[in-house]
A.B. asks: 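Structure provided below as structure tokens; questions to follow.
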Amino acid sequence: QVQLVESGGGLVQAGGSLRLSCVASGRTISSSNMGWFRQAPGKAREFVAAIMWSGGVTNYAVSVKGRFTISRDNAKNTVYLQMNSLKPEDTAVYYCAAGPSRSSLYRLNDYDAWGQGTQVTVSS
């Protein structure tokens with residue numbers, strides 16, 4: 001079973017940037033689709049971005065497209081989420097997830113391993 005640990009969250013002003021990292025241990029993630037999801041207080045967990053196991057295909061929620069970039073470094077067993085032009089509505093706990101290579105990229109239930117999350121707070 002893979003363990004995922006997120007880092008890089010924090011408090012930032014609107015318009016600022018943060019880079020989240022997700023380090024995997026226990027097994028390689030080179031054959032896993034990797035995703036980022038977020039959950040704001042009182043709301044359901046929602047898809048943010050995902051990258052296919054090969055790195056050749058990415059998918060983004062409409063709300064973050066053009067501002068966020070997902071990438072992966074399989075040699076480091078790490079996935080990143082670069083977040084630019086942050087808005088107060090991006091405030092949430094951000095979770096990293098791993099799923100089978102043949103799963104969808106955006107469906108929450110297709111992911112079978114989750115990190116504990118990292119808090120991102122964007123002030124106006």
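All heavy atoms count here, side chains included; hydrogens, waters and symmetry mates do not.
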A.B. asks: Listing request: all side chain to side chain donor-acceptor pair (under 3.5 Å) pairs with a residue in residues 1-24, at least two apart in sequence or in separate chains.
C.D. replies: S17-N84
A.B. asks: State whether the side chain of D112 and the backbone N or O of P100 hold a donor-acceptor pair below 3.5 Å, judged by distance alone.
C.D. replies: no
A.B. asks: Donor-acceptor pair, T78 side chain versus K76 backbone, under 3.5 Å?
C.D. replies: yes
A.B. asks: Hydrophobic clustering (ILVMFWY, side-chain heavy atoms < 4.5 Å, transitive) - are Y80 and I70 grouped together?
C.D. replies: no
A.B. asks: Would you kindly confirm whether Y60 and M52 end up in one hydrophobic cluster when ILVMFWY residues are joined by side chain heavy atoms under 4.5 Å apart?
C.D. replies: no
A.B. asks: Are W114 and F47 in one and the same hydrophobic cluster, where Ile, Leu, Val, Met, Phe, Trp and Tyr link if side-chain heavy atoms are under 4.5 Å apart?
C.D. replies: yes
A.B. asks: Mind checking whether L105 and L4 sit in one hydrophobic cluster, side chains of I, L, V, M, F, W, Y counted as touching below 4.5 Å?
C.D. replies: no
A.B. asks: With distance as the sole test, does R72 use its side chain to make a donor-acceptor pair with the main-chain N or O of N33 at under 3.5 Å?
C.D. replies: no
A.B. asks: When rounded to the nearest 0.5 angstrom, what distance separates OG in S32 from CD1 in I51?
C.D. replies: 12.5 Å
A.B. asks: Closest approach of A98 and V2, non-hydrogen atoms and distance?
C.D. replies: CB-CG1, 4.4 Å
A.B. asks: Looking at CG of L81 and OG1 of T118, how far apart are the two atoms once the value is rounded to the nearest 0.5 Å?
C.D. replies: 11.0 Å
A.B. asks: With respect to L86, which candidate in T121, V12, V64, T91 satisfies the side-chain contact (heavy atoms from CB on, under 4.5 Å) definition?
C.D. replies: V12
A.B. asks: Counting distance only, does the side-chain N/O of N77 pair as donor-acceptor with the main-chain N or O of A24 below 3.5 Å?
C.D. replies: yes
A.B. asks: Which pairs count as disulfide (SG to SG under 2.5 Å) when at least one residue sits in residues 30-96, sequence neighbours excluded?
C.D. replies: C22-C96
A.B. asks: Is the shortest heavy-atom distance from the side chain of K87 to the side chain of S63 under 4.5 Å?
C.D. replies: no
A.B. asks: Atom OG1 in T58, atom NZ in K65: separation rounded to 0.5 Å?
C.D. replies: 8.0 Å
A.B. asks: Please check if atom CD in Q116 has more than 12 non-hydrogen atoms from other residues, nucleotides or ligands closer than 6.0 Å.
C.D. replies: no
A.B. asks: Give the minimum heavy-atom separation between D110 and S104, together with the two atoms involved.
C.D. replies: OD2-OG, 2.7 Å
A.B. asks: Using a 4.5 Å cut-off on heavy atoms from C-beta on, say whether the side chain of M83 contacts that of D90.
C.D. replies: no
A.B. asks: Determine whether a donor-acceptor pair (N or O, by modelled atom type, separation under 3.5 Å) exists between the side chain of R38 and the backbone of V120.
C.D. replies: no
A.B. asks: For S123, which residues count as a side chain to side chain donor-acceptor pair (under 3.5 Å) partner, sequence neighbours excluded?
C.D. replies: none
A.B. asks: With side-chain contact (heavy atoms from CB on, under 4.5 Å) as the test, pick out the partner of Y111 among Y95, Y106, F37.
C.D. replies: F37
A.B. asks: Rounded at 0.5 Å granularity, tell me how far OG in S124 sits from CD in E89.
C.D. replies: 10.0 Å
A.B. asks: Working to the nearest 0.5 angstrom, can you tell me the gap between S103 OG and W53 CH2?
C.D. replies: 12.5 Å
A.B. asks: Could you tell me the separation between the CG atom of L20 and the CH2 atom of W36, rounded to the nearest 0.5 Å?
C.D. replies: 4.5 Å
